[in-house]
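Notes to accompany the following structure.
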Amino acid sequence: MEFIHIATELIIGYIALLFTTKLLGRTQITQITPFDFISALVLGELVGNALYDKDVGLAKILFAVTLWGTLIYVTELITQKKKGLREILEGKPSIIISNGKIVYSELKKNHLDLNQLQHLLRQKNAFSIREVEHAILEPNGTVSVMKKAKYEQPTREDHHMPLSPVVLPVTLIIDGEVIWDNLSESGFTEAWLKQQIRSFGFQDYKDILYAEWQEGKGMHMQPY
């Protein structure tokens, strides 16, 4: 009987969650914001915890899911009409690269480090920060990238131009700290790196927010 009871609660909870998710729309999955993420977790927990709590019956499960789904639905309606609340609940886009320069204050504000930024850019087929003219961190955690004109389509192949070898950039400095493994694997020395820093008008590693080297293009360096 206990298994039948669990199965019944699970099936009804499944139907209730399915109905609620359909009612709330596709943003729960495709355009998920921090608020949407928390809402989805709570909906799942309401059903999951109730399955093994003998004091919670079917009526309570349905009531909890219905009430929580209603609160989310009302919140979505409000955010569609009230721009101020929309910004609080859903967040707003942040410009993290502007005119080819990293906006460090926005990175700190969004608790995003440079390694995470590089990962997000690579997902947009931008393997070097120097390729990016503007980058916007969206409320759902993805990054929208506008590349510099010379890196945009059409491609060299479209113009029947000779292809050059593809070389990955090497990150040498992040947040004022040297990535010694990358420096060594690239065949460079500390003395060479110091010379590069001085050539850009700086004196110490700690002055540099980000620096990378790419064969054929040289050094790209940005201070704080």
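The figures that follow rest on heavy atoms only: side chains count, while hydrogens, waters and symmetry mates do not. We're numbering straight along the sequence, starting at 1.
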Residues in side chain to side chain contact (heavy atoms under 4.5 Å, CB included) with [X], at least two apart?
X      : value
Glu190 : Trp180, Lys194, Tyr205
Ser105 : Val103
Ser199 : Gln196
Thr142 : Glu138, Asn140

For the hydrophobic clusters of this structure (ILVMFWY residues joined by side-chain heavy atoms under 4.5 Å, transitively), does one cluster hold both [X] and [Y]?
X      : Y      : answer
Met146 : Leu120 : no
Ile129 : Val178 : no
Leu209 : Leu172 : no
Leu117 : Phe127 : no

Pairs meeting criterion salt bridge (charged side-chain N to carboxylate O under 4.0 Å, His left out) with involvement of residues 99-125, two or more places apart: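 Non-adjacent pairs meeting salt bridge (charged side-chain N to carboxylate O under 4.0 Å, His left out): zero.
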Please round to the nearest 0.5 Å and tell me the distance separating atom [atom1] of [X] and atom [atom2] of [Y].
X      : Y      : atom1 : atom2 : value
Glu133 : Asn99  : CD    : CG    : 5.5 Å
Phe202 : Ile197 : CZ    : CD1   : 9.5 Å
Ile96  : Ser144 : CD1   : OG    : 9.5 Å
Ser94  : Leu137 : OG    : CG    : 5.5 Å
Glu177 : Ile208 : CD    : CD1   : 13.5 Å

Can you name the nearest heavy-atom pair linking Ile174 to Asn115, along with the distance? CD1-ND2, 3.5 Å
Give the minimum heavy-atom separation between His134 and Val132, together with the two atoms involved. O-CG1, 3.4 Å
Do Thr171 and Asn182 have side-chain atoms, one donor and one acceptor, less than 3.5 Å apart? no
What donor-acceptor contacts under 3.5 angstrom involve side-chain atoms of residues 213-224, with partners at least two apart or in another chain?
unit_1 : atom_1 : unit_2 : atom_2 : d
Gln214 : NE2    : Val167 : O      : 2.7
Lys217 : NZ     : Tyr151 : OH     : 3.4
Gln222 : OE1    : Ile102 : N      : 3.0
Gln222 : NE2    : Ile102 : O      : 2.9
Tyr224 : OH     : Asp175 : O      : 3.1
Tyr224 : OH     : Gly176 : N      : 3.3

Donor-acceptor pair, distance only, cut-off 3.5 Å: does the side chain of Ser128 make one with the backbone of Arg130?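 Side chain of Ser128 to backbone of Arg130: a pair is present.
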Just to verify, which of Ile136, Val145, Leu121 counts as forming a side-chain contact (heavy atoms from CB on, under 4.5 Å) with Ile97?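 Single pass found, and it is Leu121.
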